Amino acid sequence: MGHSAAVWDSRAAIEITKDWNGIEKVVLRNPQGASARVSLHGGQVTSWRNEQGEELLFTSSKAIFKPPKAVRGGIPICFPQFGNCGSLEQHGFARNKIWTIDENSPPLSLKDSQGKSFIDLLFKPSEEDLKCWPHSFEFRLRVSLAADGSLNLISRVRNVNGKPFSFSFAYHTYLSVSDISEVRIEGLETLDYLDNLCGKERFTEQGDAITFESEVDRVYLSAPNVVAVLDHERKRTYVIRKEGLPDVVVWNPWEKKSKAMADFGDDEYKQMLCVDGAAIAKPVTLKPGEEWTGRLELSAVPSTFCSENLDLQGRGF
Ligand code: TA6
């Protein structure tokens with residue numbers, strides 16, 4: 001008798017549960033066994049695992065799991081600002097707030113839903129938020145896991161009040177790597193970047209792949225919509241595709257800064273690299289009623305599929 005095909009129970013695709021401090025989280029699964037977890041605390045993706053159950057995102061062993069502090073790892077949402085300027089807290093307040101599940105989110109395109117396990121989250125400013133950033137917005141975040149295990153984040157920010165506002169943004173993506181000295185980034189060659197270690201001075205990147213021998217904290221400007229992070233030891237390539245996110249942040253704290261962060265292990269810089277799809281250099285300005293969309297797709301492919309096969313200058317999606 002033939003084997004009955006395993007019927008994928010789509011109800012298993014989405015599980016809403018609570019983490020140990022009582023905050024709701026959503027688990028997304030695909031039929032092949034890949035998964036992603038997103039917390040209603042900050043709308044933060046806290047886990048992305050491949051079909052073999054391997055964790056692809058870094059989370060510090062010393063992460064502080066309690067609001068308002070954003071968890072050190074995963075993909076914190078930096079909004080309405082990236083960085084530490086003006087009166088707002090570092091990287092804005094969205095990642096420190098409790099979001100809600102958006103039951104009737106305005107529809108996205110078919111390709112954003114078809115064959116994907118997904119959840120729609122919503123963040124609207126509280127009275128307290130409006131005191132420190134007097135702009136009324138609706139921030140809708142869709143997190144989805146595709147049948148091929150790729151992770152998609154779609155942010156939609158709408159200006160719902162009577163005056164224009166500007167913001168900067170980043171998907172602050174902590175990638176898990178085997179050994180930072182075995183990692184290189186392709187796709188950012190020859191670009192200009194702002195170096196946070198030199199007062200945000202502008203430099204031009206050299207002509208070959210970026211490798212790591214010390215602290216790096218840069219915003220690469222007008223980057224291609226496809227960037228590859230190659231982990232030689234694991235023979236794994238992270239492919240980062242983006243749309244509406246002109247810049248790419250690259251950050252590794254290295255040894256000295258690692259030791260200075262209470263929620264980060266002294267040696268953990270060796271196992272992580274932040275490569276963030278972002279809109280920083282030219283903040284996004286929205287007139288009343290206007291909406292901005294920032295898309296990110298992360299996939300992890302075997303490095304035998306080396307970056308020569310990637311259309312690094314091609315369309316992001
Ligand atoms: O460029 C990335 C960065 O701004 C670094 O300067 C470092 O501060 C990192 O973000 C982490 O910021 P966080 O507020 O999450 O500790």
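Keep in mind the model is a prediction, meaning the values are calculated, not measured. Numbering of ligands and ligand atoms starts at 1, following listing order.
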Enquirer: Heavy-atom distances under 4.0 Å are what count here, so tell me which part of Arg72 touches ligand 1: side chain, backbone, both or neither.
Expert: side chain
Enquirer: Test of understanding: clusters of I, L, V, M, F, W, Y form through side-chain heavy atoms closer than 4.5 Å, transitively. Do Leu57 and Ile185 belong to the same one?
Expert: yes
Enquirer: Could you check atom 8 (O) of ligand 1 against the protein and tell me its nearest heavy-atom contact, residue, atom and distance included?
Expert: Gln90 NE2, 3.0 Å
Enquirer: Begin with the C-alpha distance, continue with both residues' side-chain angles, and end with the deciding distance and a verdict on side-chain hydrogen bond (donor to acceptor under 3.5 Å, both in side chains) for Asn96 and Glu89.
Expert: CA-CA 10 Å; Asn96 297 333; Glu89 58 221 88; 2.7 Å; yes
Enquirer: So, Ser176 versus Glu55: side-chain donor-acceptor pair below 3.5 Å or not?
Expert: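 There is no such pair (donor and acceptor under 3.5 Å, judged by atom type) between the side chains of Ser176 and Glu55.
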Enquirer: Hydrogens and angles aside, do Arg156 and Ser105 bring a side-chain donor and acceptor to less than 3.5 Å of each other?
Expert: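 Yes.
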Enquirer: Minimum distance, heavy atoms only, to atom 2 (C) of ligand 1: which one of Asp217, Val216, Val219, Leu194 is it?
Expert: Asp217
Enquirer: Run the ring pair (Phe, Tyr, Trp, His ring centres under 6.0 Å) test against Trp99 and tell me which residues pass, sequence neighbours left out.
Expert: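 By the ring pair (Phe, Tyr, Trp, His ring centres under 6.0 Å) rule, Trp99 matches Phe123, Phe139.
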Enquirer: Is the contact between Val249 and ligand 1 made by the side chain, the backbone, both, or neither, using heavy atoms and a 4.0 Å cut-off?
Expert: side chain
Enquirer: Around atom 14 (O) of ligand 1, find the nearest protein heavy atom and jot down its residue, atom name and distance.
Expert: Arg95 NH2, 2.8 Å
Enquirer: Would the Phe137 and Phe79 ring centres measure less than 6.0 Å apart?
Expert: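 Between Phe137 and Phe79, the centre distance is under 6.0 Å.
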Enquirer: How close does the nearest protein non-hydrogen atom get to atom 10 (O) of ligand 1, and which residue and atom is it?
Expert: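 For atom 10 (O) of ligand 1, the nearest protein heavy atom is His91 NE2, 3.0 Å.
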Enquirer: Please verify whether a non-hydrogen atom of His172 lies at under 4.0 Å from ligand 1.
Expert: yes
